[in-house]
Structures are given as C-alpha cells and as structure tokens.
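For reference, the structure is listed below as structure tokens.
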Amino acid sequence: MDIINSVEEMQQRALTARGNGQKIAFVPTMGYLHQGHLSLLEEGRRRGVLLVLSIFVNPTQFGQGEDFDDYPRDLRKDCALAEEVGVDLVFAPDAKQMYPSGYATYVDVERLTESLCGASRPGHFRGVTTVVNKLFNIVQPHVALFGCKDFQQLAVIRQMVTDLNMPVDVIGMPIVREEDGLAMSSRNVYLSAAQRLQALTLSAILGESAHRATAGERDPQVLIEAARQRIAELADARIDYIQICHQDSLEDMTQIDDNAVMLLAVYIGDTRLIDNGYLLR
Ligand code: AMP
C-alpha cells in the first residue's frame, strides 16, 4: 500500500490506472477510521481494482468555532487499518496542497443544502461539495462510496454528480453502529462515559419512532414531540434539529409514508451528533 501526499502524484497514478483499464473505487474520509469507514472500504474492494482511500480533514467544511483544530487524527493507525482491508493507495494531502494561496473556486448545491445541517452549519456543504469535486478530479474514480450516516451529505453529493454530469457511480452504504446502537463516528471519542450513555438516546428514538410508525402512527409531529421529550430528560443534551423528511427532497413531511426519514442532530455536551433512519422499512 502506498501513501501519497502530492496531488500531482495521486492524479498521475489515477490516470495511469485508467489508461491500463483499471476500475478505480474511492472512499473519501477525514480519517480516524472506524468500522463505518471500513465497511465502505470493504465494499470498495469488491467493486474496484484500484482502491483509493483519502484522508483529509477539510478546513472549508468547518465553520468558525467548530472542531477543526480538535478533530481527532491518527494517520499511522489509519494506514494500518487501511492496509488490513486491502486499500491500494492512501491519499493524504495537506491543506496547502488542496487550497494553495490564491485558491478561489467553490461548488455550491442549492436547495438541498438549505435545511437540516445546512441551516445550522452555514457553508458546511459548500466545503463538502468543493472538496469532493476536487478529490474526484484528482482520484478519477469510477465508483465512490459514502455512508448514509451523513444522509443529507449523500443526497447533496448525488445532486452535484447529476447536475455536473460527473462520470462517477455514487454508492450509499448503511449506517454501522456500535453493539448498543450508537452510530459510529470519529467524534464519539469526545464523549465522556456519562455523555456516551446519553448519546444512546438518539438511536433509541429512531427505533421507537420506527416502531410507532410501523404500528400505524402517521403524524410526524407526534413522533417529533415524543423525541423532543426524550431529549429534554437528558442532562447534557441540546437539540439542533429533529425532523421527518422526504428521502429525496429532504422537505418536511406532513404524513409519514415509505419515503419518511427521521433525522436528528443533537449536542451532547459540546459534541454534535447526527443520526437518521427510515420510519417504515
Ligand atoms: P467522515 O470521515 O466522518 O467524513 O466520513 C467519511 C465517510 O464515512 C462518509 O461517507 C460517512 O458517511 C461515512 N461514515 C461515517 N460514519 C459512518 C457509519 N457509522 N456508518 C457508515 N458510514 C459512515
């Protein structure tokens, strides 16, 4: 497995692989890998001849006062895990490589980015779509794998790929959870033991809401109110949003059907956690 820091070298390797008829599968991440990332890599391994993992904590997707400086990083451990799952190339550029002085171009997806995380993190998705666009140009993937953990991000990336006619097959992969239900996230390391216990309420709410929807509840407000009350019982929790949205438009639903996804963003202490799940599948 090779570790590449240079944009030019990565792009050259990708173009050469393409010239040799190799299919490139790509998993972009911010590193500090866990089983969620590894599930994407395992699927990528099945789908591509050349499997590329990028590790880049992208400054343009963090807002003022967010956790860019504190974001957990461990490149050595990440590379060991990547090697175990059969990654061929790790692309780990630094910020100066990706955004040299004079950098001036951004990609902005309208509408889908205005609600949910986009509303509470202005500029976040602009940073995401810009870096994913750059990474696609550098890594030249045929297939790129993303987690449904970041449900809105996946929808925004699909929209960008469609709108900009990018020849990349975007695959969404299921959320990988700890045994107790907590969605895996690099940010979970920020949680104290007491906070981690409170964080379990997120996946519990998704489970209970799906259960009630399956039993016949069709009013989103009833489930949202019940969820709000559950969160209010927690000592360290603060709701960013709890919404039930259509899977494609991400607009709020007035009646629950097969398209309904419940999306949560909740601060536990200073740590912002997100989770989501379909209500009727
Ligand atoms: P990140 O490093 O947090 O930017 O995530 C990189 C990719 O891994 C994104 O496509 C995420 O959606 C995906 N991912 C993160 N956590 C999980 C999880 N628990 N299960 C599945 N995919 C995940």
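All ligand and atom numbering here is 1-based and tracks the order in the structure.
Looking from atom 10 (O) of ligand 1 to the surrounding protein, the closest heavy atom is G147 N, 2.9 Å. Looking from atom 4 (O) of ligand 1 to the surrounding protein, the closest heavy atom is M30 CG, 3.6 Å. Of the protein's non-hydrogen atoms, the one nearest atom 20 (N) of ligand 1 is V176 N, 2.8 Å. Here the protein heavy atom with the shortest distance to atom 23 (C) of ligand 1 is K149 CB, 4.0 Å. The nearest protein atom to atom 11 (C) of ligand 1, hydrogens excluded, is given as D150 OD2, 3.1 Å; this is a heavy-atom distance. Looking only at protein heavy atoms, the nearest one to atom 8 (O) of ligand 1 is H37 CD2, 3.4 Å.
Within the 4.0 Å heavy-atom shell around ligand 1 one finds P28.
Contacts with ligand 1 closer than 4.0 Å are made by side-chain heavy atoms of H34 only, the backbone lying farther away. Only the backbone of P174 comes within contact range of ligand 1, with a heavy atom under 4.0 Å; no side-chain atom does. Neither the backbone nor the side chain of L154 comes within 4.0 Å of ligand 1, counting heavy atoms alone.
The CG atom of L273 sits 11.0 Å away from atom OH of Y190, with the distance rounded to the nearest 0.5 Å. For the atom pair CZ (R177) and OG (S185), the distance works out to 12.0 Å, reported to the nearest 0.5 Å. The OG1 atom of T29 lies 12.5 Å from the CG atom of L145; values are rounded to the nearest 0.5 Å.
Residue A183 has no nitrogen or oxygen atom sitting less than 3.5 Å from a nitrogen or oxygen atom of ligand 1, judged on distance alone.
For ligand 1, the atoms sitting less than 4.0 Å from at least one non-hydrogen atom of F146 are 10 (O), numbered in the order shown with element in parentheses. Atoms of ligand 1 lying under 4.0 Å from any heavy atom of T29, numbered from 1 in the order shown and given with element: 2 (O), 6 (C). The distance from ligand 1 to the heavy atoms of L40 drops below 4.0 Å at these ligand atoms: 7 (C), 8 (O), 10 (O), 13 (C), 22 (N). Taking every non-hydrogen atom of M184 and a distance limit under 4.0 Å, the qualifying atoms of ligand 1 come out as 16 (N), 17 (C), 18 (C), 19 (N).
When every heavy atom of G172 is checked against every heavy atom of C148, the shortest pair comes out as C-SG, 4.1 Å.
Residue R281 places its CZ atom among more than 12 non-hydrogen atoms of other residues, nucleotides or ligands, all under 6.0 Å distant. Residue H211 places its NE2 atom among 12 or fewer non-hydrogen atoms of other residues, nucleotides or ligands, all under 6.0 Å distant.
In this structure, the side chains of Y103 and T130 come closer than 4.5 Å at one or more pairs of heavy atoms.
Partner of Q159 under the side-chain contact (heavy atoms from CB on, under 4.5 Å) criterion, out of V156, D163, T162: D163 alone. Evaluated for a side chain to side chain donor-acceptor pair (under 3.5 Å) with R187, the options T271, D70, D67 yield exactly one hit, D67.
By the 30° and 60° cut-offs, the orientation of the rings of F56 relative to Y99 is tilted.
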